[in-house]
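Small disclaimer: the values here were computed from a predicted structure and weren't measured.
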Amino acid sequence: MERARHWRYEELPGVDLLRARYVHKTFVRHTHENFVIAAIAAGVEVFHHGGSDVSAGAGALALVNPDTPHTGRAGVPEGWRYGAVYPSPEVVAAIAAETTTLRGTPGFVSPVLDDPATVRLVHQVLGAAEQGNALAADTLLRIAVTRLLRLNGGPLPERRPRTAGARIAARARAVLEERMAGPPTLERLATDLGTSPFALLRAFRDTYGMPPHAWLTDARVRRARRLLDAGVRPAEAAVAVGFTDQPHLNRHFARIVGVPPGAYQRERKNVQDRH
């Protein structure tokens, strides 16, 4: 049986939380604005990262830096069960500055780390949040992130567009962000930027790890999350970001976030109501 809860705990600002068990679930190629720290409790997760498939089993962590394309699926017939914390770059940077000697923007070097001790810490963070134990949740999160950065941390590379292709891709991305609800065709976008469709497609994929249409779907879901957090109804959020209707949003949202938008918003609303 598949189940998932994606929520926030008001005493851990800037951190998303997840408990899930998936068997047939497949996450399409997508990114997160926050770090992904997924602690595998049982089974195996396989995810495409950095050009190849990697796997994380029980006692290991799947670690993904912000804005890094990746997928997700079961690596064994029984699926996988895990708990995850998604701290923002600001949260991780503050912890790194206080507890490590890392220079620049901190991040994770390897996407998989076998470390049962940190797996336990992540699940303890989730348990403390569920119990309303703010002191424990905050303390354990800091210990877990510090341990991961010391075992598997390093500076993230600068993401400045250095090549002509990267600069064109950045301009294309800006157009798609501005015209999210009514984007141009690839040919029109390329013409407006003074290049060819296939040159733009190649440059965009090389820069952002996915073609423009896949990036746009990912960006629409991100913006829909912000609207849902602000209290906008799912049907209205769907149209605002360029999906045809709520079922269209539901399908893509669940394939990227892991839960339907209605369930996602209910958990967010519960936090706001308690606050």
Side-chain angles (χ1 to χ4, degrees), residues 1-9 11-12 14-23 25-27 30-50 53-66 68 70-76 78-89 91-92 95-96 99-100 106-154 256-259 264 267:
M1 177 181 175
E2 297 195 332
R3 59 185 182 276
R5 182 192 181 201
H6 195 296
W7 83 104
R8 271 191 175 172
Y9 177 42
E11 301 297 341
L12 285 182
V15 182
D16 285 348
L17 308 169
L18 175 74
R19 280 198 191 275
R21 179 178 184 268
Y22 296 123
V23 179
K25 184 76 174 178
T26 299
F27 288 91
H30 65 286
T31 63
H32 295 275
E33 292 175 297
N34 289 2
F35 285 87
V36 178
I37 302 175
I40 312 301
V44 177
E45 179 188 14
V46 175
F47 59 105
H48 195 81
H49 181 284
D53 282 347
V54 294
S55 61
L61 299 112
L63 304 169
V64 183
N65 295 318
T68 301
H70 60 287
T71 62
R73 59 181 172 84
V76 290
E78 60 268 28
W80 79 106
R81 179 170 58 85
Y82 69 114
V85 294
Y86 301 83
S88 69
V91 168
V92 172
I95 295 173
T99 63
T100 75
F108 300 126
V109 175
S110 172
V112 176
L113 179 68
D114 286 309
D115 185 31
T118 307
V119 168
R120 287 192 294 272
L121 282 170
V122 170
H123 285 280
Q124 288 168 358
V125 171
L126 298 171
E130 289 168 332
Q131 295 161 14
N133 189 336
L135 179 61
D138 189 16
T139 302
L140 293 165
L141 176 71
R142 292 173 186 275
I143 292 172
V145 172
T146 299
R147 179 177 173 86
L148 288 173
L149 289 173
R150 288 177 175 170
L151 292 174
N152 188 40
I256 288 175
V257 181
V259 296
Y264 172 91
E267 291 287 354

Student: Between the main-chain N or O of Val64 and the side-chain N or O of Thr68, is there a donor-acceptor pair closer than 3.5 Å?
Tutor: no
Student: Taking Asn152 for the side chain and Ser110 for the main chain, is one N or O donor matched with an acceptor at less than 3.5 Å?
Tutor: yes
Student: Is there side-chain contact between Thr118 and Leu113, with heavy atoms separated by less than 4.5 Å?
Tutor: no
Student: For Arg81, which residues count as a side chain to side chain donor-acceptor pair (under 3.5 Å) partner, sequence neighbours excluded?
Tutor: none
Student: Please tell me whether Tyr86 and Phe35 form a close aromatic pair, meaning their ring centres lie under 6.0 Å apart.
Tutor: no
Student: Within a strict 4.5 Å, meaning less than it, do heavy atoms of the Asp16 and Arg8 side chains meet?
Tutor: yes
Student: Quick check for you: to the nearest 0.5 Å, what is the distance between Gln124 atom CD and Thr139 atom OG1?
Tutor: 11.5 Å
Student: Output, in order, the C-alpha distance, side-chain angles, deciding distance and verdict of side chain to side chain contact (heavy atoms under 4.5 Å, CB included) for Val112 and Leu63.
Tutor: CA-CA 6 Å; Val112 176; Leu63 304 169; over 6 Å; no
Student: Taking the side chain as C-beta and beyond, is there a heavy-atom pair between Pro66 and Glu33 under 4.5 Å?
Tutor: no
Student: Minimum heavy-atom separation for Val44 and Val76, please, with both atom names.
Tutor: N-CG2, 3.7 Å
Student: Say you draw a straight line from CG of Leu126 to CZ of Arg19; how long is it, rounded to the nearest 0.5 Å?
Tutor: 4.5 Å
Student: Let me confirm one number: the CG-NE2 distance from Asn65 to His32, rounded to the nearest 0.5 Å.
Tutor: 12.0 Å
Student: Where is the tightest heavy-atom contact between Asn133 and Ala136, given as atom of each residue plus distance?
Tutor: OD1-N, 3.1 Å
Student: Check whether Glu2 reaches the backbone of Val23 with its side chain - one donor and one acceptor, N or O, closer than 3.5 Å.
Tutor: yes
Student: What I'd like to find out is whether the side chain of Thr71 reaches to under 4.5 Å of the side chain of Val46, using heavy atoms alone.
Tutor: no
Student: Could you pull out the closest heavy-atom pair between Phe108 and Val36, with the gap in Å?
Tutor: CE1-O, 4.3 Å
Student: To check you understand the geometry: which heavy-atom pair defines the closest contact between Gly107 and Leu149, and what is its length?
Tutor: O-CD2, 4.0 Å
Student: For a quick test of reading the model, state the closest non-hydrogen atom pair linking Trp80 to Ala74 and the distance between them.
Tutor: CZ3-N, 3.2 Å
Student: Which word best sums up how the rings of His70 and His30 line up, parallel for under 30°, tilted for 30 to 60°, or perpendicular for over 60°?
Tutor: tilted
Student: For a 4.5 angstrom cut-off between non-hydrogen side-chain atoms, does Leu148 reach Leu61?
Tutor: yes
Student: Not counting sequence neighbours, which residues clear side chain to side chain donor-acceptor pair (under 3.5 Å) with Asp53? List them please.
Tutor: His48, Arg73
Student: For Glu130 and Tyr9: C-alpha separation, side-chain torsions, deciding distance, then whether side chain to side chain contact (heavy atoms under 4.5 Å, CB included) applies.
Tutor: CA-CA 8 Å; Glu130 289 168 332; Tyr9 177 42; over 6 Å; no
Student: With rounding to the nearest 0.5 Å, note down the distance linking CD in Glu45 to OH in Tyr82.
Tutor: 6.0 Å
Student: Mind running side chain to side chain contact (heavy atoms under 4.5 Å, CB included) on Asp138 and Glu11 for me, showing each step along the way?
Tutor: CA-CA 8 Å; Asp138 189 16; Glu11 301 297 341; over 6 Å; no
Student: I'd like to know if the side chain of Arg150 reaches the main chain of Thr99, judged simply by a donor and an acceptor atom lying under 3.5 Å from each other, with no hydrogens or angles considered.
Tutor: yes
Student: Looking at the rings of Phe27 and Tyr22, which for Trp means the six-membered one, are their centres under 6.0 Å apart?
Tutor: yes
Student: Taking the side chain as every heavy atom from C-beta outward, state whether Tyr264 and Val259 have any pair of such atoms under 4.5 Å apart.
Tutor: yes
Student: Restricting to non-hydrogen atoms, name the atom on Asn34 and the atom on Pro89 that form the minimum distance, rounded to 0.1 Å.
Tutor: OD1-CD, 3.8 Å
Student: Once rounded to the nearest 0.5 Å, what's the spacing between atom CD of Glu267 and atom CG of Leu18?
Tutor: 10.5 Å
Student: So, His123 side chain and Ala39 main chain: donor-acceptor pair closer than 3.5 Å or not?
Tutor: yes
Student: Please tell me if the side chains of Ile143 and Leu121 come closer than 4.5 Å, counting only heavy atoms from C-beta onward.
Tutor: yes
Student: Would you call Phe47 and Ser55 a side-chain contact if the rule is heavy atoms closer than 4.5 Å?
Tutor: no
